[in-house]
Amino acid sequence: MKRLYFITLGLLFIFNSCSEFEHENLQNLEPTEKLYSKRFLEIQDQNLSIIDLDVLDNYCDLRSILDANSCDHRLSAIKFKLENKQYHLVAYHTCPDFRGVSCYFRSNFISIYNDSIFKDYKTKFSIDYLDKKIDKLVEDSQLSYNIDRPRNNLFFIDYPDSTRISEVKITLKKLFEANEELESKIQKPLINWMIFDLNIPPPPPPPVLPDLE
């Protein structure tokens with residue numbers, strides 16, 4: 001009886017493993033739709049250094065490559081596959097050796113750190129709030145649009161080094177789709193930037209204490 005029990009368990013395990021293997025193979029056989037950001041298409045002939053996220057393990061791996069490319073004055077692009085779609089986008093990043101100040105004039109921005117959208121140093125929202133933030137960008141862009149100087153929309157992205165690259169890919173997919181939505185709603189030229197740097201407004205300085213007499 002015990003032998004029959006183990007045989008049955010073994011057959012169930014084999015059947016389940018074969019089903020999962022077949023499902024994975026079917027997914028791999030499905031054609032991959034390639035999607036490109038508008039910025040990627042505009043500058044793809046400029047010898048971009050393309051980083052394949054699918055061969056990386058964590059955000060530290062990505063940051064190391066971005067550091068090396070930016071310090072070598074090379075512009076990075078990112079590609080990754082998710083749900084049988086392959087996404088391509090341009091990744092801006094500041095070399096860690098840079099000692100200047102990056103200025104972004106006439107810009108709206110969204111700062112994302114570890115799957116949270118930060119309004120300031122202490123106010124944050126879930127990444128699921130991204131749709132509402134995009135609607136606000138649409139409103140701001142329409143109000144301030146100037147055909148000679150279109151407003152920049154900046155998406156700052158950063159994660160702890162140990163974050164799995166699979167989590168980063170999900171956020172990038174949401175941002176890619178948000179960019180597409182933003183451009184389709186505005187129906188005018190826009191400059192959308194994906195910037196892989198931390199950009200959370202710092203806390204205010206402490207109040208000045210009165211002089212003691």
Side-chain angles (χ1 to χ4, degrees), residues 35-37 39-40 48-104 107-137 152-182 191-206:
L35 303 174
Y36 302 88
S37 71
R39 191 65 177 156
F40 184 96
L48 289 173
S49 178
I50 299 179
I51 305 169
D52 186 357
L53 295 192
D54 295 326
V55 301
L56 304 182
D57 292 324
N58 53 45
Y59 190 71
C60 183
D61 295 340
L62 173 59
R63 187 198 298 277
S64 298
I65 301 174
L66 289 171
D67 284 348
N69 287 345
S70 60
C71 292
D72 199 28
H73 306 292
R74 288 184 293 163
L75 186 58
S76 299
I78 283 176
K79 71 175 182 178
F80 61 94
K81 186 177 178 182
L82 203 60
E83 299 173 354
N84 290 308
K85 292 182 180 179
Q86 189 178 61
Y87 298 84
H88 301 75
L89 52 92
V90 179
Y92 295 94
H93 178 67
T94 303
C95 172
D97 297 334
F98 177 65
R99 293 295 176 261
V101 178
S102 299
C103 296
Y104 304 97
S107 299
N108 301 313
F109 69 89
I110 291 178
S111 294
I112 296 173
Y113 180 73
N114 199 20
D115 281 344
S116 293
I117 301 172
F118 278 77
K119 180 179 180 181
D120 52 40
Y121 72 100
K122 64 178 180 179
T123 307
K124 63 181 181 179
F125 308 92
S126 165
I127 191 67
D128 296 330
Y129 190 75
L130 184 60
D131 289 342
K132 292 183 179 179
K133 294 292 290 183
I134 290 298
D135 288 339
K136 185 67 170 63
L137 281 188
N152 296 319
N153 293 305
L154 313 177
F155 297 86
F156 290 92
I157 310 152
D158 198 40
Y159 278 89
D161 284 346
S162 60
T163 305
R164 292 176 299 175
I165 209 68
S166 58
E167 297 178 36
V168 179
K169 286 165 59 175
I170 292 171
T171 298
L172 291 180
K173 174 181 178 290
K174 291 180 180 178
L175 285 173
F176 185 98
E177 293 171 346
N179 271 281
E180 298 295 304
E181 179 185 357
L182 187 59
I191 303 175
N192 296 329
W193 305 73
M194 296 274 197
I195 305 173
F196 287 76
D197 290 314
L198 184 63
N199 184 53
I200 299 175

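Nothing fancy with the numbering, it's 1 onward along the sequence.
Residues Phe196 and Asp158 fail the side-chain proximity criterion, which asks for heavy atoms closer than 4.5 Å. A 4.5 Å side-chain heavy-atom check between Ile110 and Leu154 finds every atom pair outside the cut-off. Between His93 and Asp67, the closest side-chain pair of non-hydrogen atoms falls below 4.5 Å. Under the 4.5 Å side-chain criterion, counting only non-hydrogen atoms from C-beta, Asn114 is in contact with Pro160. Considering only heavy atoms from C-beta on, Leu175 stays 4.5 Å or farther from Leu89 through its side chain. Contact annotation: the side chain of Asp197 never approaches that of Tyr92 to less than 4.5 Å [non-hydrogen atoms, C-beta and beyond]. Looking at Ile50 and Phe40, their side chains come closer than 4.5 Å, going by heavy atoms from C-beta outward.
The minimum heavy-atom distance linking Tyr87 with Leu82 is given by the pair CE1-O, 4.1 Å. When all heavy atoms are compared, the tightest approach of Val90 to Met194 is O-CB, 3.5 Å. Shown here for Leu48 and Ala77, the closest heavy-atom pair between the two residues is CD1-CB, 3.9 Å. Minimum heavy-atom separation, Ser70 to Thr94: OG-C, 3.8 Å. The two residues Phe176 and Ser37 have their closest heavy-atom pair at CE1-N, 3.5 Å.
Screening Leu172, Ile170, Thr171 for a side chain to side chain contact (heavy atoms under 4.5 Å, CB included) with Lys174, the sole residue that qualifies is Ile170.
For residues 69-100, the disulfide bond (SG atoms under 2.5 Å apart) pairs, not counting sequence neighbours, are Cys71-Cys95.
Applying the ring-ring contact (aromatic ring centres under 6.0 Å, His included) criterion to Tyr159, with sequence neighbours excluded, gives Tyr59. For Phe155, the ring-ring contact (aromatic ring centres under 6.0 Å, His included) test picks out no residue, with sequence neighbours left out.
Summarising the geometry, atom CG belonging to Leu35 is positioned 9.5 Å from atom NZ belonging to Lys173; distances are rounded to the nearest 0.5 Å. Here the CG atom belonging to Leu53 is positioned 5.0 Å from the CD1 atom belonging to Ile165, to the nearest 0.5 angstrom. Atom CD1 of Ile127 and atom OG of Ser116 lie 8.0 Å apart (nearest 0.5 Å).
In this structure, Tyr36 has its ring center under 6.0 Å from that of His88.
Judged purely by atom type and a 3.5 angstrom limit, Asp61 uses its side chain to pair as donor or acceptor with the backbone of Asp57. Put simply, the side chain of Asn58 gets close to the backbone of Cys60: a donor and an acceptor are under 3.5 Å apart.
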Report the C-alpha distance between Ile51 and Leu62 in whole Å, list the side-chain angles of each, state the deciding distance to 0.1 Å, and finish with yes or no for side-chain contact (heavy atoms from CB on, under 4.5 Å). CA-CA 8 Å; Ile51 305 169; Leu62 173 59; 4.0 Å; yes
Quick one: do Lys85 and Lys81 satisfy side-chain contact (heavy atoms from CB on, under 4.5 Å)? Show the steps, please. CA-CA 6 Å; Lys85 292 182 180 179; Lys81 186 177 178 182; over 6 Å; no
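In Arg164, the CZ atom is not crowded: 12 or fewer heavy atoms of neighbouring residues, nucleotides or ligands sit closer than 6.0 Å.
Using a 4.0 Å cut-off between a side-chain N of Lys or Arg and a carboxylate O of Asp or Glu, Lys169 and Asp54 qualify as a salt bridge.
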